[in-house]
Amino acid sequence: MTISFGNPDRPNSYIGKTVPRPNAPRLVQGRGKYVDDIVLPRMAHVVFVRSPYAHAGIGSINTVEAMAVKGVLRVFTGADLAKVCTPWVAVLAHLKGLKSPPQHALAVDRACWVGDPVVAVVANTRAAAEEAAALVEVDYTPLPAVTDMMSALDTDTPVLHPDMGDNLAFRRLHEEGDVDAAFAKAHKVVEARFKTARHTGVTLEPRSILVDWNPAEAQMTAWHATQAPHMMQTVLAKHLDLPEGRVRVICDDVGGSYGIKVHVYPDEVATAAIAKIMARPIKFVADRLESFTTDIHARDHEIGGRIAVDKDGKILAMDIDDWTAIGAYSVYPRTSAIEGNQVVNLCGGPYDFAHYRAQTSVVFQNKTPTCQYRAVGHPIAVAVTEGLVDMAAAALDMDPVEIRRRNMYADDAYPVTSPAKMRFEGLSHHASMTKLLELMDYDGLRAEQAELRKKGIHRGIGIASFIELTNPSPFMYGIGGARISAQDGCTVRMDPDGSIVALSGVTEQGQGTEAMLSQIVAEGVGVSPAKVRVITGDTQVTPYGGGTWASRGAGIGGEAALQSAMALKASILEVAGSMLQSPVEALDIRDGQVVDSATGEARMPLEELGRIVYFRGDTLPKGLPRELVQTRHFITSDYPFAFTNGVQASYLEVDIGTGEVKLLKHWCVEDCGRIINPQLVDEQIRGGIVQGLGGALFEEIHYDEDGQLLNGSMADYLVPMAAEMPDMVVGHVETPTMESALGAKGAGEAGTAGAPAAVMNAINDALRPIGAQVTAMPFTPERILRAMGQIED
Amino acid sequence: MKAMAGGYARATDVQHALDLLAGADGMGRVLAGGQSLIAAMNMRLSTGDMLVDISRIADLRGVTVEENRLRIGALTRHAEIETDPLIAEHAPLLTQAAGHIAHAAIRNRGTIGGALAHADPAAEFPACVLALGGMIHVQGPDGTRDIPAEDFFVDVFETALEDGVILTAITLPLAEASEKHLLRETARRSGDYALAGLCLVKRAAGHRLSAFSVGPRPLLALAAMERLDAGDIVGAVSALRAEIDPTGDTQASAAYRRHLAGVLLTRAMAEITGEPA
Ligand SMILES: Cc1cc2nc3c(=O)[nH]c(=O)nc-3n(C[C@H](O)[C@H](O)[C@H](O)COP(=O)(O)OP(=O)(O)OC[C@H]3O[C@@H](n4cnc5c(N)ncnc54)[C@H](O)[C@@H]3O)c2cc1C
């Protein structure tokens, strides 16, 4: 059975249409169920005493006063929890040389960043636990802190983990072609240093977990705001010495994740350990300060880049030297080497060139650990690549669009393998660029810009082409030994009244997974989406799967849903054929009715078929299969990743007196393959762009040289807000992947990938006549005036 | 984090509030709009306060013209100031300022008395009242007192208000017919505290200029005012940059703020004189 996607008038044509999100009314009416909404009998709250030092030895711990606070039940130290919870080491075999020391649920001898959990206080209320936590006395011995990235490997810098030998967590050098020779013969070589600031995800709902241990059943149940319930099941089972089958992870509504909630956090594992020890439900909900000091950080990179071009603007070679500092531990189980690795994989991505060298150096330091956050590594790689391409264009006096035209892979060149050894099945750089230029009226904007410049108004236009990694195969984590599923499954069943229930291993974080699944299942079976109930996020209920990460929900989970829905349709029609004495090929299901496929004439409603199968099965021929539950799984196998592509443009104005940047408009044309729900895709792109614009202009975690976090609140860590956001125009080109019948690739991260580069290029376009250039994000008013030489210290 | 208050009482009138404060053993704390205080309590920066809620005291509300001065009750909310016709007519500087303060939800609760008593060096209203030459009226156990704005702001979050005393109102001279008011500030995002800001008042008698977010308290820029009166804008910019005392933080360095203050003054004067900067 196939679906003729080309025909928008086909029956049940829900795939490709904007249909309402089934969970939207519930969420906007405040009827969602987040972890913090769940209250269980005998539930207690845990609060963590966290290290105020970036690096300190932990001496004696005095809990007498804390225990005396009314409502306090118990206090746990690292040594207490180490008895029931084993430490973890976040390395993966395919990231050769990656090292990281064992990390405990609570720090045992040494605290390694400001916020590292040291003591857990359990009380009847959160307020009592906080009051008691303030009274715990820990005898810290401050140790020298490693806080500067670029000097972390110097011989006079202390080694953060003596057992590790040095502060280098991971290094990878990739070399293709003859880079030095290409640079030597180049017409022009352009070189720059870039910086991307340390960010964090700032989810609306903070990290939350509620764990219960039922000794009578020897069963642990964790209600968890997570992207990957099955991964967490494995982690909790392994480190608390339980059979996987006796750990159930339930993930109801999640208030945003952006990658923040796909990692293992020591305080969350500690909560589970405490629940097991106390045999009662324990809740932990991070407050905002804890979010800033303990949610993973990301994007803290410094990159030296060089590009060599010939006189026609053809890229001859690129040479990238990426550095990132990941905090004191590689984060479990995905590791903190992936972001740097992605920079190596993705630089130069859109372009057809031959000689490429890239190295990433990943170092330890005494700050909050960094790990995967929306569009992992992409905003960095795209900023470096697109920044260098624009600088090369300027050096050649060539239009930024023209230089890209001359270098992007031709739309009919696929399949190709990039110099970074990434394999592309089918991309559409040129078609996307053409569409972008139309949408933005590029020539008109250039004319307006020139006109305004005469009046002393400094506007800039910035373009950024990009590729985006989606639909990962086991090549991402599984081959390295992590029990992280790249496969996903869906079970679809028809109940007696003809309604459909779909159980999926991918998860809903607020991004619309359940809407996407409901319309795929609706089309696959032949009912309206309102007839489909979707259940996600329960390891004991749904098929095993990976959850939400690397833009895989629609491409992997969606295909599993489509295949299981079509399988269910086939088994329904088999029963219908028997009941109606008709060949199965002559029947179809449309809008909940079995119909004659040629004429569309209604033959039988599904509820009648359901009534017979479930209550009068005696009237059907013995031996007739009547399996109205079908499960299918999907995994990609032809390509390690389904790459998508796109191009963004930013139009902005720089106030050269104050250094302020005003975003005037933003465009994005992207190609995520088959679009399942246009509005969901557009809003994913817009939301992603906003996060990218945040990185370009606002977001930056600051530490002082002792490793103290300086801006751990929403007043001081500036997230992008509506008033500063420009109007955004989103367009699409559709190149479906051939790996699946659905043809969908991921769309959730593309906006974030390209936006910072587009803004950087636009600012530099505005500043170029003044002879100034910025490459360190975020581009604050001060950084812009400093680049212009306006600030006297 | 969960706030830890020592107690809470709602005052029915000013005398009741003063009695509650007097009986609070030094832990008394006035609660007005709560937009600074509750945030501080929620971060446990302030614990154990005996909260005396004055927000229902009718006498502390309202905007009137009395004896040729504009009187604004301490509990007048930012959102009311933004739309009040008497304020728009007689002290348009405050109307302009209100639009720069935080976001609608905060402006609906925050009060001008709270903003002045809180004395955040980056806040708009203290600088406005200073530029306008306002008078701050307070009432305590020993009766009432009038404090000129110039003597009121002492240091970061520190004013001439003593413990147990309530700020009841401010009064301002009515704007002259030809008077010009201008508030200019630069913030990272709309609604954020300014990186630097200026209040400029041009009267027949001369210029008044105050600066905020460029020192431990709002500053009346006397040296710059003198240069402005002399018609020397470039000199005023240098004088302003010399007399302010900004500190750096994660948003901007002291040097940037000093530079910015000068840019804002140049622009404000261009706007007031109609001559390009
Ligand atoms: C996100 C956010 C952004 C903000 N941005 C800005 C901004 O850009 N500019 C700005 O100016 N402000 C800003 N504010 C602060 C806001 O304007 C507050 O409303 C104001 O500072 C305090 O007023 P309040 O009535 O809420 O006072 P409260 O919070 O109730 O009290 C503040 C302090 O003043 C004391 N106090 C209050 N009223 C009196 C009185 N009548 N007599 C004696 N003491 C009193 C209290 O005891 C307390 O110490 C912001 C606040 C938030 C939460």
Side-chain angles (χ1 to χ4, degrees), chain A residues 45 47 123 125-131 133-134 197 285-290 455-456 655-662 694 697-704 709-725 778-786 788-793, chain B residues 1-6 35-36 39-45 47-48 99-100 102-106 120 122 184-198 237-238 241-242 246 248-268 270 276-277:
Chain A
H45 298 259
V47 161
T125 64
R126 166 99 194 181
E130 277 180 13
E131 199 181 328
V285 178
D287 69 25
R288 198 50 78 180
L289 176 61
E290 287 181 300
K455 298 183 191 153
D655 181 331
I656 60 162
T658 63
E660 289 168 283
V661 171
K662 184 170 173 51
L697 295 182
F698 302 111
E699 296 184 48
E700 180 167 27
I701 298 255
H702 291 270
Y703 282 93
D704 69 12
L709 180 93
L710 300 179
N711 57 339
S713 83
M714 300 295 290
D716 299 318
Y717 181 84
L718 307 185
V719 296
M721 308 246 289
E724 282 69 40
M725 291 300 103
F779 306 114
T780 64
E782 173 158 5
R783 286 193 177 126
I784 288 174
L785 288 196
R786 281 188 185 275
M788 291 169 57
Q790 291 282 308
I791 306 287
E792 288 164 34
D793 282 295
Chain B
M1 261 180 265
K2 303 289 177 200
M4 200 168 67
Q35 296 305 291
S36 295
M41 289 175 59
N42 281 344
M43 293 176 88
R44 289 200 178 221
L45 297 174
T47 56
H100 287 282
H103 309 282
I106 293 155
D120 189 311
R184 281 290 168 270
E185 69 170 62
T186 295
R188 290 288 300 279
R189 302 171 305 180
S190 81
D192 282 346
Y193 281 109
L195 298 174
L198 297 180
V237 166
S238 312
R241 283 179 174 152
D249 61 18
T250 58
Q251 308 301 356
S253 69
Y256 173 83
R257 288 167 198 263
R258 181 168 272 123
H259 176 87
L260 179 62
V263 173
L264 293 175
L265 179 56
T266 309
R267 290 185 177 180

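Only heavy atoms go into these numbers, but all of them, side chains included; no hydrogens, no water, no symmetry mates. Keep in mind the model is a prediction, meaning the values are calculated, not measured. Quick note on labels: first sequence line is chain A, next is B, and so on, each numbered from 1.
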(request) Examine distances only and state if a side-chain atom of B:Y256 and a backbone atom of A:T658 form a donor-acceptor pair shorter than 3.5 Å. (result) yes

(message) Report which part of A:A722 has an atom under 4.5 Å of a heavy atom belonging to chain B: side chain, backbone, both, or neither.
(response) neither

(request) Assess the side chains of B:S253 and A:E782: does a donor N or O sit below 3.5 Å from an acceptor N or O? (result) yes

(request) Measure A:T125 against the heavy atoms of chain B and call it side chain, backbone, both or neither at under 4.5 Å. (result) neither

(message) As an exercise: rank A:V661, A:V285, A:N711, A:T780 by heavy-atom pairs under 4.5 Å with chain B and give me the winner.
(response) A:T780

(request) Tell me, for B:D249 versus chain A, whether the close heavy atoms (under 4.5 Å) come from the side chain, the backbone, both or neither. (result) neither

(request) Using a strict 4.0 Å threshold on nitrogen-to-oxygen distance, state whether A:E130 and B:R44 make a salt bridge. (result) yes

(message) Return the OG1 to CG distance between B:T250 and A:L718, rounded to the nearest 0.5 Å.
(response) 7.0 Å

(request) Side chain from CB out, backbone as N, CA, C, O: work out which of these in A:M714 comes under 4.5 Å of a heavy atom of chain B, or both, or neither. (result) backbone

(request) Please state whether the side chain, the backbone, both or neither of B:M4 comes within less than 4.5 Å of a heavy atom of chain A. (result) side chain

(message) Quick check on A:E131 against chain B: is it the side chain, the backbone, both or neither that has a heavy atom closer than 4.5 Å?
(response) both

(request) Identify whether the distance between the nearest side-chain nitrogen and carboxylate oxygen of B:R258 and A:D793 falls below 4.0 Å. (result) no

(message) In the structure I gave you, are the side-chain heavy atoms of B:H259 and A:Q790 within less than 4.5 Å of one another anywhere?
(response) yes

(message) If you compare all heavy atoms of B:A255 against all heavy atoms of A:I791, which two are closest, and at what distance to 0.1 Å?
(response) CB-CG2, 3.6 Å

(request) Starting at CE of B:M43, measure out to CG of A:D287 and round the result to the nearest 0.5 Å. (result) 8.5 Å

(request) Using non-hydrogen atoms and a 4.5 Å limit, figure out which bit of A:R786 sits close to chain B: side chain, backbone, both or neither. (result) side chain

(message) As an exercise, state the distance from CG of B:L260 to CG of A:L785, rounded to the nearest 0.5 Å.
(response) 8.0 Å

(message) Counting heavy-atom pairs under 4.5 Å with chain B, which one of A:S713, A:P720, A:A723, A:P781 comes out on top?
(response) A:P781

(message) Given heavy-atom pairs under 4.5 angstrom as the criterion, report whether the side chain, backbone, both or neither of B:A261 touches chain A.
(response) neither

(message) Between A:E700 and chain B, with a heavy-atom cut-off of 4.5 Å, which part of the residue counts as in contact: side chain, backbone, both or neither?
(response) neither

(request) Drop me the distance from A:R288's CZ to B:N42's CG, to the nearest 0.5 angstrom. (result) 13.0 Å

(message) Looking at B:S190, is its backbone amide N or carbonyl O close enough to the side chain of A:E724 to form a donor-acceptor pair, meaning the two atoms are under 3.5 Å apart?
(response) yes

(message) Below 4.5 Å, heavy-atom pairs only: which of B:H103, B:R189, B:K2 has the largest tally toward chain A?
(response) B:R189

(message) Do A:D655 and B:R267 make a side-chain contact, defined as non-hydrogen atoms from C-beta onward lying under 4.5 Å apart?
(response) yes

